[in-house]
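Worksheet for the structure shown next.
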Amino acid sequence: MRQSRLLIPTLRDEPGEAEIVSHKLMLRAGLIRKVAAGVYTYLPLGLRVIRKVERIIREELNKAGAQEVLMPIASPAELWQETGRWDFYGKELFRLKDRHERDFCLGPTHEEVITDLVRREVRSYRQLPANFYQIQTKFRDEIRPRFGLMRGREFIMKDAYSFDADEAGAAESYRKMYEAYRAIFTRCGLNFRPVEADAGLIGGSSSHEFMVLAETGEEGIAVCDACDYAANVERAEIQPIAQAAGDNIAEKRLVPTPGKKTVEDVTAFLNVPASQLVKTLLYLADGKPVAILVRGDHVVNEIKVKKLLGAVDLAMADPAAVETLTGAPVGFAGPIGLSGVTLLADLSVKDVTHAVVGGNAADRHWVDVSPARDVPLARYADLRNAMAGDPCPRCATPLRIVRGIEVGHVFMLGTKYSEKMKATYLDQQGQEKFIVMGCYGIGVGRTAASSIEQNHDAKGIIWPAPIAPFHVHLLPLMDKSGKVMPATLALEAELEKKGLDVLVDDRDERPGVKFNDADLIGIPYQIVIGEKGLTQSQIELKERRTGTVTKFAPADIALRVAELVQPILQA
RNA sequence: CGGGGCGUAGCGCAGCCUGGUAGCGCACCAGCUUUGGGAGCUGGCUGUCGGAGGUUCAAAUCCUCUCGCCCCGACCA
């Protein structure tokens with residue numbers, strides 16, 4: 001492919017709108033251009049990367065027995081009303097009306113549409129199991145789109161849905177997808193880790209996220225270095241840390257803390273560590289007031305709270321409600337003397353000695369509080385996010401917290417959708433049963449973006465060969481003799497014959513420009529063809545990642561490059 | 001949704017406070033020279049100063065409204 005015939009608008013300057021490296025480099029290397037907030041056009045180079053990722057996905061899913069379909073972008077409200085998600089999904093669901101004023105939405109995911117298909121077409125256990133997937137553009141009207149393809153409103157997603165006769169079959173489908181995902185992300189050249197995740201309100205028994213490990217990740221992952229355990233911090237179970245019993249014999253006292261509202265303020269003022277303070281956070285769970293006690297250095301995990309209470313909606317109480325409930329302005333809420341409120345406390349609170357809590361009065365805190373003695377009515381449970389140093393729930397080794405980008409997610413759905421939408425089949429005994437489902441997603445653009453997060457240097461992108469837009473970049477330099485371009489084109493033809501994707505920089509540019517653009521675009525192998533080299537029968541091969549330059553005879557180079565690239569592609 | 005910031009040439013920005021001919025660098029076009037890591041010289045093109053309204057003899061600049069974009073927050077009391 002001739003570079004002069006492709007739109008690859010590289011930028012020397014960093015566009016101001018980009019924050020993270022993958023976004024900057026995608027713009028600078030001419031992969032994408034923004035059309036609106038969170039909405040992008042894929043330029044030729046970007047699209048080639050997307051297609052490579054899609055191809056790997058297709059190959060692995062087909063191998064796992066899934067079948068490809070393509071569902072519509074717009075779907076009618078009725079389907080979403082059946083499952084209740086029309087109301088539940090909120091503002092993220094992009095809604096529109098057709099000319100007859102009928103409600104539609106742009107699909108943020110397709111459980112309803114596929115379940116509707118299956119309930120119409122699948123009658124018998126003989127048709128199960130089945131697994132349908134599609135690679136489709138999705139639309140979610142995100143609160144805050146950011147980071148380019150990492151969190152767009154419109155994005156390309158592979159979604160798959162499995163249908164089984166029973167739980168055991170569903171578990172097997174889930175396992176197959178889990179393995180397919182491992183294969184897909186491995187082939188994409190990513191450093192990733194499957195982690196236990198929360199199934200959230202989608203429900204179901206099991207869920208894993210596939211996390212690409214990267215500093216810029218939006219998710220926190222708790223990992224154990226001693227065993228295999230890894231989980232989203234939202235999900236990670238926390239074992240209570242055994243603590244030496246404190247000598248908390250002192251009677252609690254109310255002390256003035258003028259204007260000290262935050263954990264930082266109070267702990268600095270009283271000169272105690274944050275772990276000695278117990279925060280009292282007021283929530284409304286389905287409209288009912290709840291106070292949640294966690295240590296000052298801990299973070300409440302709303303997912304765990306919701307589960308414990310069986311609540312659908314959980315939101316922090318607004319300042320006015322806090323005042324009504326506690327009788328004090330925000331910043332001074334405490335568990336002592338609080339009435340009409342459900343009291344929940346994280347397990348770690350029980351062990352705090354000489355605790356500091358809010359006084360339920362302006363500018364007052366209690367000190368020398370013993371939660372077990374002074375807050376006897378609290379119900380204790382695991383209610384916080386995991387932190388670095390918490391014991392692994394499997395082997396008790398201290399956990400490490402790392403950042404990750406969620407590129408894939410697998411869910412066991414069970415019969416949540418099939419029951420609501422009456423997707424049933426007849427089993428061998430002629431009994432009508434609900435189909436057991438699973439669903440599985442991969443963010444295609446996000447996968448490409450996270451690859452850049454993991455593979456780049458100061459010069460630009462360093463694509464892993466399997467998802468690189470091209471495998472080889474030919475850089476013919478000055479051609480006064482007229483021999484360079486013919487040699488280049490001959491080499492291009494030879495490489496293409498060996499099945500490699502080749503980009504030829506045939507532009508009339510100075511060498512420096514070509515080198516810099518090549519490094520920016522990040523094709524894994526660069527071949528420099530220059531007048532000097534040709535007279536000495538030499539052609540240079542440069543590996544983008546290491547910068548290593550090797551010289552070959554023109555007759556050998558195609559074979560040598562093919563030897564380097566082909567094994568990677570077949571991996 | 002709350003707070004902050006920014007919209008001036010394709011990209012990066014100055015000019016705005018203190019109203020008076022719309023600028024700089026890169027990119028782009030032409031010519032000459034140059035050619036192994038973002039060339040030099042000469043000449044050229046490019047803007048409804050995000051939009052609407054207002055104040056004024058005069059608005060990129062001041063005022064009002066509006067649209068778009070970016071960042072932070074939207075659990076840590």
Side-chain angles (χ1 to χ4, degrees), chain A residues 7 9-20 23-24 27-28 30 33-39 90-91 143-148 234 257 259-267 274 277-285 290-306 314-319 321-323 325-326 328-335 346 356-360 362 365 383-385 387 459-460 475-480 484 507-520 526 528-534 538-540 542 547 549 551:
Chain A
L7 180 65
T10 56
L11 301 174
R12 195 179 295 204
D13 298 313
E14 284 190 351
E17 68 186 50
E19 187 73 6
I20 62 170
H23 189 193
K24 284 178 184 168
L27 290 168
R28 282 230 292 141
R33 284 295 182 263
K34 187 173 67 177
V35 177
V39 178
K91 288 189 176 168
I143 302 176
R144 185 142 91 87
R146 59 185 133 179
F147 305 149
E234 293 179 340
T257 48
K260 307 300 177 191
K261 298 181 171 194
T262 65
V263 171
E264 293 79 46
D265 290 348
V266 175
T267 53
L277 187 126
V278 173
K279 297 186 283 199
T280 303
L281 308 177
L282 289 153
Y283 281 85
L284 294 176
V290 181
I292 297 161
L293 309 185
V294 295
R295 257 168 42 180
D297 57 334
H298 286 160
V299 176
V300 168
N301 182 321
E302 294 187 354
I303 293 173
K304 291 179 180 176
V305 174
K306 270 191 200 174
L314 184 73
M316 294 221 79
D318 58 57
V322 172
E323 289 219 36
L325 291 166
T326 66
V330 166
F332 300 96
D346 181 66
V356 175
V357 303
N360 289 333
H365 279 79
L383 296 176
R384 66 180 175 93
N385 283 350
M387 292 206 318
K459 288 268 182 185
L475 307 176
L477 301 183
M478 276 309 297
D479 191 12
K480 270 195 202 135
V484 173
R507 298 174 303 164
D508 182 21
E509 288 288 355
R510 302 174 64 79
V513 173
K514 292 191 178 187
F515 290 142
N516 281 306
D517 272 350
D519 287 345
L520 176 60
Q526 299 171 10
V528 182
I529 304 113
E531 217 134 50
K532 274 185 237 164
L534 280 185
Q538 280 191 336
I539 288 182
E540 282 171 29
K542 183 182 130 182
V549 173
K551 293 182 178 169

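Here is the naming used below: chain letters follow the sequence lines, and residue numbers restart at 1 for every chain. Since the structure is predicted, the reported quantities are computational estimates derived from the model, not experimental observations.
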note: R295(A), atom CZ; C75(B), atom P; distance rounded to Å ~ 22 Å
note: D346(A), atom CG; C75(B), atom C1'; distance rounded to Å ~ 14 Å
Contacts of H365(A) meeting ring-ring contact (aromatic ring centres under 6.0 Å, His included) (sequence neighbours excluded), chain-then-number -> F332(A)
Would you measure the distance from the C1' atom in C45(B) across to the matching atom in A59(B) and give it in whole Å? 27 Å
*asked:* Would you say T10(A) and D517(A) are linked by a side-chain donor-acceptor pair, where the criterion is simply a distance under 3.5 Å?
replied: yes
Side-chain atoms of V300(A) come closest, of A39(B), C71(B), C75(B), to C75(B)
*U21(B) versus C65(B) - spacing of their C1' atoms, nearest Å*: 30 Å
Could you tell me whether the side chain of T280(A) reaches within less than 4.5 Å of the side chain of I292(A), counting heavy atoms only? no
note: E14(A), atom CD; C70(B), atom P; distance rounded to Å ~ 16 Å
Below 4.0 angstrom, N of the basic side chain to O of the carboxylate: do D519(A) and K542(A) qualify? yes
Taken in chain and number order and not counting sequence neighbours, the residues that satisfy side-chain hydrogen bond (donor to acceptor under 3.5 Å, both in side chains) with E531(A) are S481(A)
Against the side chain of R144(A), the closest entry in G12(B), C72(B), C75(B) is C72(B)
By side-chain hydrogen bond (donor to acceptor under 3.5 Å, both in side chains), E234(A) pairs with (sequence neighbours left out) none
Among G37(B), G38(B), C71(B), the one nearest any side-chain atom of E19(A) is C71(B)
CG of L277(A) to CD of E264(A), rounded to nearest 0.5 Å, is 10.0 Å
#### Entry: Salt-bridge criterion met for E14(A) and K24(A) (N-O under 4.0 Å)
yes
Residues passing the side chain to side chain contact (heavy atoms under 4.5 Å, CB included) test with R33(A), sequence neighbours excluded, are P9(A), L11(A), L27(A), L43(A)
Readout for nucleotides 29-36 of chain B: B = base within 4.0 Å of protein heavy atom, S = sugar-phosphate only, - = neither; 5' to 3' it is -----BBB
Show each protein N/O and nucleotides 67-69 of chain B N/O combination with a separation under 3.5 Å, one pair to a line.
unit_1, atom_1, unit_2, atom_2, d
C69(B), OP1, A37(A), N, 3.0
C69(B), O3', K34(A), NZ, 3.0

#### Entry: Span that lies between the P atom of C67(B) and that of A52(B), in whole angstrom
15 Å
| task | Give a yes/no on whether any side-chain N or O of R12(A) is located under 4.0 angstrom from OP1 or OP2 of A27(B). | result | yes
Any strand, both distances under 3.5 Å, Watson-Crick or G-U wobble: C1(B) pairs with G73(B)
Separation of G37(B) atom C1' from D517(A) atom CG, nearest Å, is 11 Å
Of K459(A) and G331(A), the one whose closest nucleotide on RNA chain B sits nearer the 5' end is K459(A)
The Watson-Crick or G-U wobble partner of G19(B), with both key distances under 3.5 Å, is none
Residue pair V266(A)/T10(A) against RNA chain B: nearer the 5' end by closest nucleotide is T10(A)
Checking N1-N3 plus N6-O4 or O6-N4 for Watson-Crick, or N1-O2 and O6-N3 for wobble, each under 3.5 Å, the partner of C26(B) is G10(B)
N516(A) CG to G38(B) P, in whole Å, measures 7 Å
Using Watson-Crick geometry (N1-N3 plus N6-O4 or O6-N4) or G-U wobble (N1-O2, O6-N3), each under 3.5 Å, U64(B) is paired with A52(B)
Next item on the list: Could you work out the separation of U42(B) and U64(B) based on their P atoms and round it to a whole Å?
Entry: 46 Å
With no hydrogens and no angle check, is any side-chain donor or acceptor of N360(A) less than 3.5 Å from a backbone partner on G334(A)? yes
Across every strand shown, the nucleotide meeting Watson-Crick or G-U wobble geometry with A59(B) (both distances under 3.5 Å) is none
note: L520(A), atom CG; G38(B), atom P; distance rounded to Å ~ 15 Å
The Watson-Crick or G-U wobble partner of A39(B), with both key distances under 3.5 Å, is U33(B)
Practice item. Using modelled atom types only, decide if a donor and an acceptor are shared between the side chain of D479(A) and the backbone of V484(A) within a distance under 3.5 Å. Key: yes
Side-chain contact check for D13(A): nearest option of G12(B), G38(B), C1(B) is G12(B)
Quiz item: For atom P, what is the distance between G20(B) and U33(B), given to the nearest Å?
Solution: 46 Å
Original post:
What interatomic distance, in whole Å, is found between P of A60(B) and the corresponding atom of U48(B)?
Top reply: 14 Å
**Whole-Å P distance, A74(B) and A14(B)** = 30 Å
Notebook entry, point to check: How far does the P atom of C16(B) sit from the matching atom of A22(B), given to the nearest Å?
Noted result: 16 Å
